[in-house]
Number of protein chains: 2
Amino acid sequence: MNSRSTVDSLFGAMQSDTFDATQCPVRNILDRIGDKWTSLVLVALADRPHRFSELQRAAPDISKRMLTQTLRQLERDGLITRQVFPTKPPAVQYQLSPLGVSVLEPLGHLIDWANRSYDQILSARAEYDSANPASALPVNA
Amino acid sequence: MNSRSTVDSLFGAMQSDTFDATQCPVRNILDRIGDKWTSLVLVALADRPHRFSELQRAAPDISKRMLTQTLRQLERDGLITRQVFPTKPPAVQYQLSPLGVSVLEPLGHLIDWANRSYDQILSARAEYDSANPASALPVNA
DNA sequence: GAGGACAGGTCTATAATAGAGACCGCCTTC
DNA sequence: GAAGGCGGTCTCTATTATAGACCTGTCCTC
């Protein structure tokens, strides 16, 4: 039933019938990139290495717990490195690894698209909401 | 390899001090792109328009509820269109809008990166986990 | 040598979210 | 007239995120 005509070479693997979506590399990674804080941290670190509390200040609405978790995941995935300096008050520096740097380029494309398209999306939302006034997202209501 | 200057200009706005992260277009959109099902749906629709149940079959582990919700959001954001055909059993067709098509390119870059980097990430994870055996992610434990 | 400030976290309790799966009205097919 | 597909919605429960208190140090000041 499922048309397995794989037109696009990029998406082909994701569209084949035998594809096991539950252990998809792409989904695995998109889940990480897309979560609420990861990309923010990556962008902050794109500029220069940051200490823990610098990152906290850069994104004031992230809780310590979430920041720790995000950083751990990124470290585990090899996108950032964590360096502890045994200075007077021990300092911890996070910085992008080469792999982490390499994600900035595709991420940058997406950010660029987001910026370019934001207006369109906002007006699409406004239009949708005015067309569906009472039940914008009935599933959630 | 990586055009650092481009990155800087792209991320500049996100790095400024006055930047209000809570209503950041990019985060807004990344949250959507990055959520568990959105990109999967987009990729499926990249091939051709799909009906509701076709999408369900394409991603067997998505529940109807989540699929509905994902589609509503995408429709609201103007990335896909929803067309109801009053046929014998009424059919609903979802397809990408021009805006939806336009996101495929940056998304494709990211997917491409994910595929290329997956091995590195896996081995980074393995290394991390063997270096931190008991407490891979203590925050969650 | 007590008190406070900071760093870099961890722990707990609660709110929000995702997910499974039952249900529904309508139609067609057996 | 029973069964099954379509395109959903609804309810209930498990998972996850978030806020915010707490903790272990090391300074520094008094």
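Naming convention: chains lettered A, B, ... in sequence-line order (proteins, then strands); numbering from 1 in each chain. The model shown is predicted, which means the values in this text are computed figures rather than measured ones.
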What protein N or O atoms touch nucleotides 19-23 of chain C N or O atoms at under 3.5 angstrom, if any, and at what distances?
| from | atom 1 | to | atom 2 | distance (Å) |
| --- | --- | --- | --- | --- |
| C:dG19 | OP1 | B:Lys36 | NZ | 2.8 |
| C:dG19 | OP2 | B:Trp37 | NE1 | 2.8 |

Exercise for the section: List for me each residue that meets side chain to side chain donor-acceptor pair (under 3.5 Å) alongside B:Arg82, sequence neighbours excluded, and say none if there are none. Expected result: B:Tyr94
Handout entry: Residues that A:Ser97 engages under side chain to side chain donor-acceptor pair (under 3.5 Å), provided they are two or more places apart
Key = none
Completion exercise
Between A:Asp31 and B:Gly34 the two heavy atoms that sit nearest each other are OD1-O, 3.9 Å
Completion exercise
Note: B:Pro90 and B:Arg51 closest approach over all heavy atoms is O-NH2, 4.3 Å
Exercise for the section: Please work out if B:Phe85 contacts a base, only the sugar-phosphate, or nothing of the nucleic acid, heavy-atom cut-off 4.0 Å. Expected result: nothing
Spacing of [X] atom [atom1] relative to [N] atom [atom2], expressed in whole Å:
| X | N | atom1 | atom2 | answer |
| --- | --- | --- | --- | --- |
| A:Gln93 | C:dG9 | CD | P | 13 Å |
| B:Asp35 | C:dT17 | CG | C1' | 11 Å |
| A:Gln56 | D:dA19 | CD | P | 11 Å |
| B:Gln83 | D:dG8 | CD | C1' | 18 Å |
| A:Leu67 | D:dA17 | CG | P | 14 Å |
| B:Leu71 | D:dG8 | CG | P | 8 Å |
| B:His50 | D:dC6 | NE2 | C1' | 16 Å |
| A:Glu54 | C:dC6 | CD | P | 15 Å |

Exercise for the section: Kindly write out the residues that satisfy salt bridge (charged side-chain N to carboxylate O under 4.0 Å, His left out) with A:Arg57, not counting sequence neighbours, or none if the list is empty. Expected result: none
Completion exercise
The side-chain contact (heavy atoms from CB on, under 4.5 Å) partners of B:Arg125 (sequence neighbours excluded) come to A:Asn28, A:Arg32, A:Arg76, A:Asp77, B:Ile121, B:Leu122
Closest listed nucleotide, where the reference is the side chain of [X] and the choices are [options]:
| X | options | value |
| --- | --- | --- |
| A:Arg82 | D:dG7, C:dG9, C:dA7 | C:dG9 |
| A:Gln69 | C:dA18, D:dG8, D:dA17 | D:dA17 |
| A:Arg72 | D:dG7, C:dA18, C:dG9 | C:dG9 |

Between [N] and [X], is there an OP1 or OP2 to side-chain N/O distance shorter than 4.0 Å?
| X | N | value |
| --- | --- | --- |
| A:Arg57 | C:dC6 | no |
| A:Thr68 | C:dG9 | no |
| B:Arg51 | D:dG8 | no |

Practice task
For the helix from C:dG1-D:dC30 to C:dC30-D:dG1, figure out the bend between the end axes, five pairs an end, and round to 10 degrees.
Solution key: 10°
Handout entry: A:Asp61 with B:Arg27: basic N within carboxylate O range, under 4.0 Å
Key = yes
Practice task
Decide yes or no for B:Leu79 and B:Leu96: does some side-chain heavy atom of the first lie under 4.5 Å from some side-chain heavy atom of the second?
Solution key: no
Practice task
Report yes if some heavy atom in the side chain of A:Gln69 is under 4.5 Å from a heavy atom in the side chain of A:Trp37; otherwise report no.
Solution key: no
